[in-house]
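Right, one structure below, let's go through it.
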Amino acid sequence: MNNTALHHRVRKAVFPVAGIGTRFLPATKANPKEMMPVVDKPLIQYAVEEAIAAGIEELIFVTSSSKRAIEDHFDSHFELETKLKAAGKDDLLQIVRSVLPEGISCVYIRQPEALGLGHAILCAKQVVGADPFVVLLADDLMCDAGQTSCLKQMVSQFQRVQGSIVAVEQIDLKDSSKYGMVGFPEAFHGFGQITQIIEKPKREDAPSRLGVVGRYILTPEIFAELEKVKPGAQGEIQLTDAIAALLKHQAVYALEFAGKRYDCGSKLGYLQAIVAYGLRHPEVAVEFQKYLQSMVSTEHA
């Protein structure tokens, strides 16, 4: 147990959103990938809503000069709100105003150069301070499927163990080179302390089938480790390397969360998310399901 974080609550969340989004060019040439919509909300809003629902009060966006759309999205829009109010469109007005609930603060930090996830988190050091904090990667859209959200599950465990936690899921070992893979001292039953975390290992070097996905709770001691990490390929500082150093002197845990992750950093995962959320959306679900069924019927006719 980490005594320095004993009984601390998690109130701050870091969103690394400075990436270029090359896998979605040309769509991301002028628009941030985090602003790509899934039905009627951008990816970043789903991540923010998950954070707020888990008790987060301060949102820290590590951004770049090309990501002003994210700042604008969470800012008030006086002209739009005035027009909606004048037109009597109170339902839409409420939607616009609820993008950022009252009592939630936003901080924007520029990452001067894209030097990896670890570097992005290090940019938030002064704002995070000595508090435990959450990291959410908006590319990973976590669908709770009616259950407690991934982050809420993690926060609940943190309140018990007061240590860093990474979210994990079962990974096909042929894809191990895309993930940080974790290892355990004994059989893993959904939650437990890790003994290894390896950045993008070959299949034969993976310590288990569990890979880290885009949700973390980290103690502030991670910053000291990030400052010591030697840059890897293309000068990037990897968060995985810092966590590997941290677990040598502080407990780090893994949680295999209940729910489903959509990898919206890939075209296929993004399309899958649109279908899944479209089928859940109260406005379009029924007609959308009929449309998909008709498409399947046509294909098999």
Side-chain angles (χ1 to χ4, degrees), residues 10-38 41-54 56-78 80 96 98-101 103-129 131-142 151 213-218 220 222-223 226-227 229 231 234-240 242 262-266 270 273:
V10 186
R11 300 174 184 271
K12 298 180 180 180
V14 175
F15 299 85
V17 292
I20 300 172
T22 53
R23 285 188 285 181
F24 280 91
L25 286 169
T28 51
K29 180 174 180 288
N31 298 298
K33 63 178 180 177
E34 295 85 5
M35 290 300 295
M36 293 175 61
V38 174
K41 294 180 189 177
L43 286 167
I44 188 64
Q45 187 172 336
Y46 285 102
V48 163
E49 289 177 351
E50 183 183 350
I52 292 171
I56 299 301
E57 299 169 358
E58 185 171 354
L59 313 176
I60 305 164
F61 298 90
V62 181
T63 183
S64 67
S65 59
S66 63
K67 301 297 182 88
R68 283 298 303 273
I70 295 174
E71 296 183 39
D72 291 343
H73 181 71
F74 291 105
D75 198 358
S76 58
H77 194 315
F78 178 76
L80 174 60
V96 170
S98 65
V99 167
L100 189 69
I104 305 299
S105 61
C106 294
V107 178
Y108 298 92
I109 300 169
R110 287 282 180 92
Q111 184 181 15
E113 192 175 357
L115 294 176
L117 176 58
H119 181 263
I121 293 169
L122 195 53
C123 289
K125 177 183 177 181
Q126 296 304 317
V127 179
V128 171
D131 298 317
F133 64 103
V134 169
V135 176
L136 299 97
L137 307 186
D139 283 2
D140 280 342
L141 178 55
M142 302 301 203
L151 195 56
V213 294
R215 300 292 183 272
Y216 307 78
I217 297 179
L218 300 170
I222 193 67
F223 291 118
L226 284 167
E227 289 171 337
V229 167
Q234 300 177 327
E236 293 188 347
I237 296 173
Q238 297 296 342
L239 175 59
T240 301
Y262 293 96
D263 178 11
C264 292
S266 71
Y270 178 64

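Numbers here simply count residues along the sequence, with the first being 1.
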Which atom names give the shortest non-hydrogen contact between [X] and [Y], and what distance separates them?
X	Y	result
Glu236	Gly116	CG-N, 3.8 Å
Tyr46	Val38	OH-O, 2.7 Å
Val10	Pro132	CG1-O, 4.3 Å
Gly235	Leu115	O-CD2, 3.7 Å
Gly129	Phe223	O-CE1, 4.2 Å
Leu136	Ala47	CD2-O, 3.6 Å

Measure the spacing between [atom1] of [X] and [atom2] of [Y] and express it to the nearest 0.5 Å.
X	Y	atom1	atom2	answer
Met142	Cys264	CE	SG	10.5 Å
Ile60	Ser105	CD1	OG	8.0 Å
Leu141	Asp263	CG	CG	10.5 Å

Check the pair Val134, Tyr216 against side-chain contact (heavy atoms from CB on, under 4.5 Å), reporting the backbone distance first and the verdict last.
CA-CA 6 Å; Val134 169; Tyr216 307 78; over 6 Å; no
Test item: [X] and [Y] side chains (from C-beta on) under 4.5 Å apart, heavy atoms:
X	Y	value
Phe61	Ile70	yes
Arg23	Thr28	no
Asp140	Tyr262	no
Leu239	Leu218	yes
Val107	Glu58	yes
Arg11	Ile56	no
Phe15	Tyr108	no
Lys29	Leu25	yes

Is there a donor-acceptor pair under 3.5 Å between the side chain of [X] and the backbone N or O of [Y]?
X	Y	value
Gln238	Gly118	no
Arg215	Val135	no
Thr63	Ile109	no
Lys12	Val128	yes

How about Gln111 and Glu113: does a side-chain donor come under 3.5 Å of a side-chain acceptor?
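Per modelled atom types, Gln111 and Glu113 side chains form no pair under 3.5 Å.
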Counting only heavy atoms not in Ile20 (residues, nucleotides, ligands), do more than 12 fall under 6.0 Å from its CD1?
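No - once you tally the heavy atoms of other residues, nucleotides and ligands closer than 6.0 Å, there are 12 at most.
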Go through the steps to decide whether Phe133 and Ile222 satisfy the test side-chain contact (heavy atoms from CB on, under 4.5 Å), and finish with yes or no.
CA-CA 10 Å; Phe133 64 103; Ile222 193 67; 3.8 Å; yes
Side chain to side chain contact (heavy atoms under 4.5 Å, CB included) partner of Val17, chosen from Ile44, Val62, Leu137
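Going through the options one by one, the only one that passes is Ile44.
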Decide side chain to side chain donor-acceptor pair (under 3.5 Å) for Gln45 and His73; before the verdict, give the C-alpha distance in whole Å, the side-chain angles of both, and the deciding distance to 0.1 Å.
CA-CA 9 Å; Gln45 187 172 336; His73 181 71; 2.9 Å; yes
Checking side-chain contact (heavy atoms from CB on, under 4.5 Å) for the pair Leu100/Leu59: CA distance, chi angles, key distance, verdict?
CA-CA 10 Å; Leu100 189 69; Leu59 313 176; 3.8 Å; yes
Do NZ/NE/NH1/NH2 and the carboxylate oxygens of Asp139 and Lys33 come within less than 4.0 Å?
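Looking at Lys33 together with Asp139, the answer is yes, because their closest N to O distance falls below 4.0 Å.
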Give a yes or no on whether the ring-centroid distance for Phe24 and Tyr270 is below 6.0 angstrom.
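Yes, ring centres under 6.0 Å apart.
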After noting the C-alpha distance and the side-chain angles of His119 and Val229, does the key distance pass the side-chain contact (heavy atoms from CB on, under 4.5 Å) rule?
CA-CA 10 Å; His119 181 263; Val229 167; over 6 Å; no
